[in-house]
Structures are given as structure tokens and as C-alpha cells.
Amino acid sequence: MLRILSILFLALAATARPMAACYPQDAGMTMADKDRLSSLPCPILGGELSNSAATSVTDIDEVLPRMRALGLNTVLVPAYWELMEPVEGRFDFTLIDRTVDVARREQLHVVFLWFGAWKNSMSCYAPGWFKQDTKRFPRAMTAEGKPMEIASCFSDNVLQADLKAFSALMRHIKERDPQREVVIMMQIENEIGMLESARDHSPLSEKVYQQERWAERYGTDEYADEKFMALSYARYVEHLAKAARQIHDMPLYVNAAMNSRGRRPGEYPSAGPLAHLADFWQEGAPSIDLLAPDIYDTGFKSWAAQYAMPQRPQDGGKVKNRLFIPESRCCENSGVRALYAFGEHQALGFSPFAIDQASTKETESVTQAYALLRQIYSLTTHLSPITTYGLLFDQDDRERIITDDRVVMTCRHYFTLPWDSRATDGSVWPEGGAMLIRLGKYDYLLAGSGVVVDFKTPTEKQQEEQKQLGEDGFAEEGGSTAFSQRPMFKGKRLGLQSVDEVFIDAAGAMQYLRRHNGDQTHQGRHARIGVGEWKILHIKLYEY
């Protein structure tokens, strides 16, 4: 099993990300935390099944082998309360057992998603006996008194029913997979949060709201209401998390639907484990290991950065939350986004949603990227601390300049090169992305698709001439600056000593495939990987 990456990372955009030995002493975690996370395969090359993909034995038998064939090492699978406890007090673990058995046969890990009291805010996966008894299991209400299809998290009856079922599931998993060889992590609830109203106004909620004098502490607007609900949901989840710890200790996380598109609390699943509510969630649910974003909207890099949270400097710079993306839109850009997340933030894992329903065109990028990541990690787990960066470009965000010690790397989308007609034919650019890794001085790996990188010394970069290039890569027009008018060059330059396309075997050894030179490096000017190509390049530089 691949060892997990370091839990310690820096989230400052201008600095390098050290990829070091697992769990350094200053990682800000207890030994119990370290033991839980060290059991995880890393990277988690995941995929989440669609919501109804594992509702029968036939579904499970069909879908899990397909996930293995796509190159996943981990599948995120719903565990449905309504199917597990159709009659109160009578549990049926047929689907859980089948998932574990087939995953074991296919050499896959499983993360179960507890679709309990809430799923996407709503209580739609609660059993019928729960839904029908609204007196015993009351609903959340709007300020106008309208009951919603959302169980109230302030009801002890709701909590005890949910807790009883979840605890039974954890006990059964422990019996079925005591060494955590298959089931490696649990998600508690799913995209928990309030819709239509920023907070619950039911009598049970109002009692707590008044007792805690919330309005006096935070105000009365919808943002204050959201904070109240965030702490309340977190306290609820903590009951389930503490029970899980006592029964079968493994990593636990909660996931969040993003507060995007300018929506206000109540217009998205508000009060969930969102980045701006992290303090409330970590106060209310200290037994939860990770707050995880479900990223579907544009701005992937921004959303990811919000969940790669270091502590404040006054807290010693320790890790507050490690990036794990359990859901991301499954699309042709998924592969390069995965490479970015692992390279830039040393993500714990990445998982496109509904990968079982995606087209071959959409899943191909995932398969290709995961194949590169397996190679990269087979090498880097044998190395001393190294530095990684993530690259991700589109039509609007085309360039990133990285200064790595005495090397300035200008990284761009492949379509910024002048000779590819797809760059100017009017179509939307597919995203380009890569993981850029420093192995040593003047020694780099570039793994990805659709990127180009050139390497300069800082002084060379400062004196760089900007020229408009034609489709052949040479100056568009001559005679713009007479030789006699150019200032004298000062300092050293960097050149490409070699650019080799490589394959890294399971033992971490680099196997030479071919030398890139001449036209493939624009006569030594850059290293590049074309759009639609998936490669690992080993780049060695020299100074002159």
C-alpha cells in the first residue's frame, strides 16, 4: 500500500509545498489522529457512485468491477438508512456486505457515505417509519411556521434514531472488516445544511437559540442564523462521530455543498461544513478529521484553496484541515484538476461524482491522470522531502510564474504556443494541468497534460525580451530593435540539458521511453505536454 503524504503542508501560494515523510512531529495532530490517517492509501484515487448506484446486489456486482477498470483505488459508496432499517429496529446489511465482498475481490477500498438523517439538506433517505411520524421526529420550520422535509437537529428523538442506526452500521463493518482492509473512512451525513431558511425556527430550535442568547452574541441577520445552525449541526454530528470512535476507530469526515454564485444563507445548503464556518464546525465536532468540499462550480482552484487550511501563525502554523475532495464534477477536466490538487495542496484524495454514469470521454481523463499519479507516488514515497506544485490553466487563467530557489519557471497552457490551430478556432480550451516536482537542484518531473514550462535564472527572467511569435514559434516581424540598441546581458542563463519522457515502475524506478529535443522542445526553449497527451517528463537543467 502506498504510504500517505505528509500531513504538513504550506498553503501560501507564493511558497513551495514540501512533500515530506509522513506525520512530522509538528503536524499538530494527536497520535490517534496520525494512526487513523496513516491507514489510508495515498493518494486516494477515488470516484463517487451516483446516488442510487448501490441500491441492489445487481447494481453492486456490475458497478464495482467497472470502477476498478477505470483505475480507481477507492470507491465512495452510499449507505442508505431507508434500505438498512426498513422496519424500526430490524437491520438488513445485505448491501453493505456485498459492497465489502466485491470491493475486496476487486482490490478496491471503500468509503461509505452515511445517508442518514440528511442528504443534500433533506431527510429523503430516512426510513418511511421515521418520515411518517412527525410528532416523534419533528421537522425544521421556517420563520413562518412552514415545516420542511428536514428533520430538526434539535430533536433528541431524531438524534437517537440516527445514532442507533449509524452505530449498528459501524459495529457491522467492524465485524465484516476488522482490520480496515476495505472500508477505510466514513462520511457522516451528506451535504448537511438548511435550505429555504437560514436556520430552524421550530420550537425546539427556538428554545436553544434563546438559551444561548445567540442574537446578543452574533446579531439577527441570516449570517448569524447560519452560524447558530453550523454549531448546532456540528454538535449533532459529534454524537455520531464519538460513537464511531468507540466502536471502530477510523477517519471520519463531513462534506459541504459550496456557497457559490452569490447565494445567501438559505439559498444554498447553509450551515454545512463550509470554509467560512470551519471554526464553528471544529468547535462543535472535534472528533471529525476533515471538512471536505464538493466542487461543481467554476473556480476550482479557489474552492480547493479554501479547504487547505493551515492554522494561523500564532497557532504554530499547524494543519487545521487537509484537502480531500470527495465530490467534483466528472468531466473532461477532472484529470488535470486531480493533478493540480495533489501537486499544489498535497491532497489526501480526489473523487469525481457519479463516475459510474459518466461517458468514456469524461472518464478517460481520470484514468489517464490516475495512472500518472500512481507512477509519481511509487517514486516519491522512496525520496526525502521534495517540493511539489500544481498547475491548472484555462482560457482565462493561462500562466503561472513559480520561483523555486534559483529557478524561475514560467508555466502556461499549451494553447499559448502559436502553432496549435485549436487555440484559435473559437472553441473553449480544455483545461491543462500538471504536477510539477523538484527532485533536486536543476532536476524536475512534469506530469500532466496541456502545459508548457520554460526555465530561467532570476536575472535572465528580469532581462527577458517579450516578442510576438508567429505560428512557427519565431519572431512575428523582424527589425523591432536594432542589435546596437539592446542593453548588455548580465548574469547566468539556464538551459535544458535533457528532457526525457519516462515511465515509473511499481518499485519507483524511472524507465526511459524517449528523448524530447528539437521540435519537441522548440530547440531547447521549453518542456511541453500537448493537449490530449498524458506524460511524465524528466527535466534536467544546466547553467551557463
Side-chain angles (χ1 to χ4, degrees), residues 51 55 78-96 112-172 186-212 214 225 228-244 246-247 252 254 266 269-272 284-285 287:
N51 291 164
T55 54
Y80 312 97
W81 185 9
E82 64 175 344
L83 298 181
M84 198 183 80
E85 194 183 6
V87 177
E88 187 173 6
R90 298 181 187 177
F91 294 101
D92 182 351
F93 297 106
T94 300
L95 299 180
I96 301 299
F112 276 121
L113 318 176
W114 176 236
F115 285 8
W118 301 282
K119 196 275 177 191
N120 291 76
S121 298
M122 313 305 286
S123 298
C124 53
Y125 279 93
W129 54 265
F130 179 100
K131 292 179 179 178
Q132 294 170 17
D133 194 346
T134 56
K135 183 176 181 180
R136 207 174 134 206
F137 307 111
R139 299 292 185 265
M141 292 182 177
T142 66
E144 297 74 33
K146 182 175 75 172
M148 296 178 284
E149 192 60 35
I150 300 174
S152 176
C153 68
F154 299 94
S155 166
D156 188 62
N157 286 340
V158 170
L159 171 62
Q160 295 306 319
D162 195 3
L163 178 61
K164 180 181 177 182
F166 183 68
S167 298
L169 173 62
M170 293 301 299
R171 283 191 291 270
H172 189 79
M186 297 292 294
Q187 174 185 290
I188 300 181
E189 311 299 345
N190 181 271
E191 292 187 354
I192 198 168
M194 290 292 295
L195 279 173
E196 191 172 346
S197 176
R199 75 172 174 91
D200 180 2
H201 290 269
S202 68
L204 289 172
S205 173
E206 289 295 333
K207 182 179 179 181
V208 176
Y209 184 81
Q210 297 299 329
Q211 286 175 343
E212 297 195 355
W214 198 266
D225 285 350
F228 171 71
M229 287 304 301
L231 184 58
S232 302
Y233 275 133
R235 289 169 174 168
Y236 180 106
V237 166
E238 176 66 7
H239 286 285
L240 275 68
K242 286 180 68 174
Q246 295 169 2
I247 296 167
L252 306 170
V254 285
S270 56
S287 298

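Numbering starts at 1 and runs along the sequence shown. Reckoned from all heavy atoms, side chains included, excluding hydrogens, waters and symmetry mates.
Summarising the geometry of Ile188 relative to Val237, their closest heavy-atom pair is CG2-CG1, 4.0 Å, with the distance given to 0.1 Å. The two residues Cys153 and Ser232 come nearest to each other via the heavy atoms SG-CB, 4.1 Å. Across every non-hydrogen atom of Ala126 and Glu82, the tightest pair is O-CB, 3.9 Å. Contact between Met148 and Ser197 at its shortest, heavy atoms only, is CE-CB, 4.2 Å. In plain terms, the two heavy atoms of Phe112 and Ala79 that are nearest each other are CD2-CB, 4.2 Å. The two residues Asn51 and Tyr80 make their nearest non-hydrogen contact at O-OH, 2.7 Å.
Expressed to the nearest 0.5 Å, how far CG of Leu240 lies from CE of Met186 amounts to 9.5 Å. Separation of atoms CZ (Phe130) and CZ (Arg136) is listed at 9.0 Å; rounding is to 0.5 Å. The CD atom of Gln160 lies 10.5 Å from the CZ atom of Phe137; values are rounded to the nearest 0.5 Å. Between Tyr236 atom OH and Trp118 atom CH2 the span is 4.0 Å, to the nearest 0.5 Å. Rounding to the nearest 0.5 Å gives a distance of 11.0 Å between CD of Gln210 and CD of Glu212. The CZ atom of Phe228 sits 10.5 Å away from atom CE of Met194, with the distance rounded to the nearest 0.5 Å.
When side chains are defined from C-beta on, Asp92 does not count as touching Leu83, because their heavy atoms never get closer than 4.5 Å. Ser121 has its side chain out of reach of Glu149: every pair of non-hydrogen atoms, C-beta onward, lies at least 4.5 Å apart. A 4.5 Å side-chain heavy-atom check between Met229 and Phe154 finds at least one atom pair inside the cut-off. Contact check for Arg199 versus His201: side-chain heavy atoms found under the 4.5 Å cut-off. Residues Pro127 and Pro86 fail the side-chain proximity criterion, which asks for heavy atoms closer than 4.5 Å. Taking the side chain as every heavy atom from C-beta outward, Ser152 and Val158 never approach each other to under 4.5 Å. Looking at Val208 and Trp214, their side chains never come closer than 4.5 Å, going by heavy atoms from C-beta outward.
The closest side-chain donor-acceptor pair between Ser287 and Glu238 falls under 3.5 angstrom.
Side-chain atoms of Thr142 come within 3.5 Å of backbone atoms of Lys146 as a donor-acceptor pair (strictly under, hydrogens ignored). Judged purely by atom type and a 3.5 angstrom limit, Ser123 uses its side chain to pair as donor or acceptor with the backbone of Ala151.
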Working for side-chain contact (heavy atoms from CB on, under 4.5 Å), residues Asp200 and Glu206: CA-CA 8 Å; Asp200 180 2; Glu206 289 295 333; over 6 Å; no
Given side-chain contact (heavy atoms from CB on, under 4.5 Å), test Trp81 with Phe115 step by step and report yes or no. CA-CA 6 Å; Trp81 185 9; Phe115 285 8; 6.0 Å; no
Assess the residue pair Glu196 and Arg139 against the criterion (salt bridge (charged side-chain N to carboxylate O under 4.0 Å, His left out)); give the C-alpha distance rounded to whole Å, side-chain angles, the decisive distance to 0.1 Å, and a yes or no. CA-CA 13 Å; Glu196 191 172 346; Arg139 299 292 185 265; over 6 Å; no
Assess whether side-chain contact (heavy atoms from CB on, under 4.5 Å) is satisfied between Gln187 and Trp114, documenting all intermediate values. CA-CA 6 Å; Gln187 174 185 290; Trp114 176 236; over 6 Å; no
Step-by-step side-chain contact (heavy atoms from CB on, under 4.5 Å) determination, Ile192 to Lys119: CA-CA 6 Å; Ile192 198 168; Lys119 196 275 177 191; over 6 Å; no
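In the displayed structure, Lys131 atom NZ is contacted under 6.0 Å by more than 12 heavy atoms of other residues, nucleotides or ligands.
Note: Phe91 and Phe166 fail the aromatic proximity criterion, with ring centroids not under 6.0 Å apart.
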